[in-house]
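Reading through the structure tokens given below for one structure.
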Amino acid sequence: SRMYLVCPMNMSPQVDPHKSGQDVWEEFSHSFTPAVREVVEFAKKIPGFRELSQHDQVSLLKAGTFEVLVVRFASLFHVKERSVTFLGGQKYSVDALRTMGSGDLLSSMFDFCEKLMNLGLSEEEMSLFMAVVLVSADRSGIENVNSVEALQETLIRALRSLITRNHPNESAIFTKLLLKLPDLRSLNNMHSEQLLAFKVH
Amino acid sequence: FNDPASNLGLEDIIRKALMGNLEERQE
């Protein structure tokens, strides 16, 4: 049976059946590495992030990179036409991806991206939201929870004031955004399970 | 399983990007 890699951070879902598992993995890793580096560069620009301990910077990035990438690349999921653009530029319909073995994660990603895009956030609001996603004091392995918590609170306050200023008649937007945080956690968990399954196979 | 980021090689990419790639700088 053919193998597919239905992650849009891949250049294409097709996997060359002649390549070894290690080669497939290395090629995949090569395609998502620039996006991960972008997240790190983004994190470095969050005021206060570089003042956290090196250990906590790494822990936050390890735990949160996938969630930041989901927000950053939400526009790759075309809800109306039910398709996904892969990093190689090619679009694939949800039905085609289903036949390649995509499951609940893809459906959940669509639900999430649709709701996020419907909020109509500006680029600045989206960036601040990504900073809030990344700087979460309840990630595992954080050694200085108080420092991360203090930075998280500052970022949440900044996000609230930006949203309130930009959308004075839509007070629910801020609440809706905060409610996206547990949704992202859940996507992250589903994604980790799929990665494990991929590595095992 | 508890640390998918390490399994992926993510931690290595993150550390290198955070610290700055020494080799690139030397070039």
Item to check | Whether over 12 other heavy atoms sit under 6.0 Å from His30(A) NE2 | outcome: no

Checklist outcome for this item: Ile14(B) and Thr65(A) have their tightest heavy-atom pair at CD1-OG1, 4.0 Å

Checklist entry - Above 12 or not: heavy atoms from other molecules or residues under 6.0 Å from CG of Asn118(A)? => result yes

Next on the checklist: For Met19(B) and Gln54(A): C-alpha separation, side-chain torsions, deciding distance, then whether side chain to side chain contact (heavy atoms under 4.5 Å, CB included) applies.
Outcome noted: CA-CA 9 Å; Met19(B) 311 321 160; Gln54(A) 197 170 299; 3.1 Å; yes

Next on the checklist: Can you tell me if Arg50(A) has over 12 outside heavy atoms packed within less than 6.0 Å of its CZ?
Outcome noted: yes

Item to check | Test item: Arg37(A) and Leu18(B) side chains (from C-beta on) under 4.5 Å apart, heavy atoms | outcome: no

Next on the checklist: Can you confirm whether Phe32(A) sits close enough to Ile13(B) that some side-chain heavy atom of one is under 4.5 Å from a side-chain heavy atom of the other?
Outcome noted: yes

Checklist entry - Is atom NZ of Lys44(A) surrounded by more than 12 heavy atoms (other residues, nucleotides or ligands) closer than 6.0 Å? => result yes

